[in-house]
Student: 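Dropping the structure in here first, questions after.
Since the model is a prediction, treat every value here as computed from it, not as a measurement. Below, read A as the first sequence line, B as the second, and so on, with proteins coming before strands; counting in each chain starts at 1. Reckoned from all heavy atoms, side chains included, excluding hydrogens, waters and symmetry mates.
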Protein chains: 2
Amino acid sequence: MNEIALQLRKFAKENHRLPSYSELAKMFGFASKNAAFKLVNKLVDAGILEKDHKGKLKLKGLGLPMVGYVQAGFPSPAEEELVDTLSLDDYLIQRPESSFLLKVTGDSMIDAGVMEGDIVIVEKGGNPKNNDIVLAQVDKKWTLKYFYKNGKIVKLIAANKNYPEIFPKEELTIGGIVTAVIRRYR
Amino acid sequence: MNEIALQLRKFAKENHRLPSYSELAKMFGFASKNAAFKLVNKLVDAGILEKDHKGKLKLKGLGLPMVGYVQAGFPSPAEEELVDTLSLDDYLIQRPESSFLLKVTGDSMIDAGVMEGDIVIVEKGGNPKNNDIVLAQVDKKWTLKYFYKNGKIVKLIAANKNYPEIFPKEELTIGGIVTAVIRRYR
DNA sequence: AATATAGGTGAACGAACGTTCACTTGTCAA
DNA sequence: TTGACAAGTGAACGTTCGTTCACCTATATT
């Protein structure tokens with residue numbers, strides 16, 4: 001049952017869509033697409049699949065279990081918002097039309113867990129709040145910094161003891177607010 | 001032109017598929033689906049869209065620009081593998097069938113940039129190499145640690161000076177290898 | 001003034017779509 | 001042994017699919 005879902009996800013990964021019933025029949029070795037039809041209906045009942053108002057198929061969920069804290073025996077599933085979010089894209093990128101990806105260079109935010117080589121998602125045009133990580137232009141150089149504002153005074157602080165606090169003089173340019181960090185190993 | 005791509009991505013986000021030509025005509029206010037057909041062909045020529053062998057539409061790329069290091073003027077696009085990777089799912093999850101998500105508790109890997117509340121993607125069943133971050137069971141408790149092996153001696157090290165090195169006695173259970181970290185702000 | 005061109009309409013095509021129905025199995029419980 | 005049932009076949013249905021064609025404007029170019 002889960003085997004089937006895996007194959008569907010693989011198909012979706014390659015084709016950006018789910019197969020039709022005739023394609024399903026072919027990939028499962030059925031001679032009749034009605035066999036695929038019945039199989040699909042069972043998956044729908046099991047809550048793995050959904051159907052459009054047009055009958056088009058739609059996968060539910062990301063496919064990965066989300067475990068909360070890991071207990072003595074084995075990981076225990078944790079109910080989370082992410083579980084029924086279908087894709088990490090949707091989870092990480094709220095406003096795709098005004099976001100971009102930035103590969104991190106430098107260690108200015110290392111104590112905030114943002115390391116060199118990480119990819120951050122930056123959202124343009126918002127109003128940064130205190131404690132937000134912003135992409136800011138300081139002395140004609142772009143860097144990541146914590147943003148603080150007290151009255152009219154703006155302060156940019158690196159998450160690294162070796163960097164000084166910065167009080168920009170007028171010419172502060174905010175490139176955007178960091179809304180997410182992703183890092184891949186190997 | 002890019003406006004259209006945005007609407008397509010929005011549709012794809014909601015429906016997990018791209019619209020048909022009649023749906024396209026409706027969403028753009030065309031009376032004839034042939035108008036949509038011609039529009040789509042221009043997008044294909046522009047490299048924004050692709051077509052199946054069946055004529056089904058397929059979006060190219062993630063939709064977000066990836067900028068390398070940010071220069072004086074404004075971000076400069078950087079060619080990266082991610083750009084033509086269509087989704088962060090594919091980028092972050094290589095083996096969905098043997099991976100799960102884990103919400104990080106504790107600060108044992110804080111110096112590795114893995115903070116409490118982050119979500120890590122854990123891949124089960126692989127053979128950890130030196131320097132990998134593993135989910136390991138130590139004294140019946142699951143924690144994240146750096147993995148080191150020298151001959152027969154396995155060492156687990158936290159990325160946190162306050163934690164001691166651990167030399168497990170036989171009963172070392174590896175839950176999996178951390179392959180990615182994601183963190184969302186706000 | 002004549003003409004090419006881009007962008008839209010509307011009808012038509014064969015093919016593929018999702019769905020339904022009647023029928024044939026094999027398997028397991030009563 | 002019988003009956004129920006799950007699982008697959010094969011044909012058929014109306015609808016929608018992607019695509020093509022002929023035609024109609026406007027707008028811009030020659």
Student: Does a side-chain N or O of Lys54(B) approach OP1 or OP2 of dC17(C) to a distance below 4.0 Å, or not?
Tutor: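 Result: yes.
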Student: So, does Asn160(A) use its side chain to make a donor-acceptor pair with the main chain of Ile110(A) at under 3.5 Å?
Tutor: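 No, the answer is negative, given that no donor and acceptor are paired below the 3.5 Å cut-off.
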Student: Lys58(A) side chain to Glu14(B) main-chain N or O, any donor-acceptor pair under 3.5 Å?
Tutor: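 Side chain of Lys58(A) to backbone of Glu14(B): a pair is present.
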Student: Nearest whole angstrom, please: distance from the P of dC17(D) to the CZ of Arg17(A).
Tutor: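 So the CZ-P distance, Arg17(A) to dC17(D), works out to 14 Å.
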Student: Where along nucleotides 3-10 of chain D does protein come under 4.0 Å, by heavy atom, of base (B) or sugar-phosphate alone (S), with - for untouched nucleotides?
Tutor: ----SBBB
Student: With rounding to the nearest 0.5 Å, note down the distance linking CG in Asn34(A) to CZ in Phe37(A).
Tutor: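 Between atom CG of Asn34(A) and atom CZ of Phe37(A) there are 7.0 Å.
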Student: Under 4.0 Å: is that the gap between some side-chain N or O of Tyr21(A) and OP1 or OP2 of dT19(C)?
Tutor: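 So the side-chain polar atoms of Tyr21(A) do come within 4.0 Å of the phosphate oxygens OP1 or OP2 of dT19(C), strictly under.
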Student: Can you tell whether the side chains of Lys13(B) and Asp89(A) come within less than 4.0 Å, N to carboxylate O?
Tutor: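 Looking at Asp89(A) together with Lys13(B), the answer is no, because their closest N to O distance does not fall below 4.0 Å.
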Student: Just the rounded figure in Å: distance from C1' of dT20(D) to CG of Asn41(B).
Tutor: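 Whole-Å distance recorded here is 11 Å.
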Student: Can you see which heavy atom on Lys51(A) is nearest to which on Tyr21(A), and at what distance?
Tutor: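 Result for this residue pair: NZ-OH, 3.2 Å.
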Student: Find the distance Asp52(B):CG to dC17(C):C1' and express it as a whole number of Å.
Tutor: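 My rounded result for the distance is 14 Å.
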Student: In whole Å, I'd like the distance from the CG atom of Leu57(B) to the C1' atom of dC17(D).
Tutor: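 Computing the Leu57(B):CG to dC17(D):C1' distance gives 11 Å.
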Student: Find the distance Leu18(A):CG to dG18(C):C1' and express it as a whole number of Å.
Tutor: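 It is 14 Å, rounded to the nearest whole Å.
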Student: Find the distance Phe37(A):CZ to dA16(C):C1' and express it as a whole number of Å.
Tutor: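 The distance from CZ of Phe37(A) to C1' of dA16(C) comes to 16 Å, rounded to the nearest Å.
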Student: Can a donor-acceptor pair be found, under 3.5 Å and without considering hydrogens, that links the side chain of Arg183(A) to the backbone of Gly113(B)?
Tutor: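 A pair under 3.5 Å: yes.
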Student: How long is the line joining NE2 of His53(B) and C1' of dA16(C), in whole Å?
Tutor: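 Between C1' of dA16(C) and NE2 of His53(B): 12 Å.
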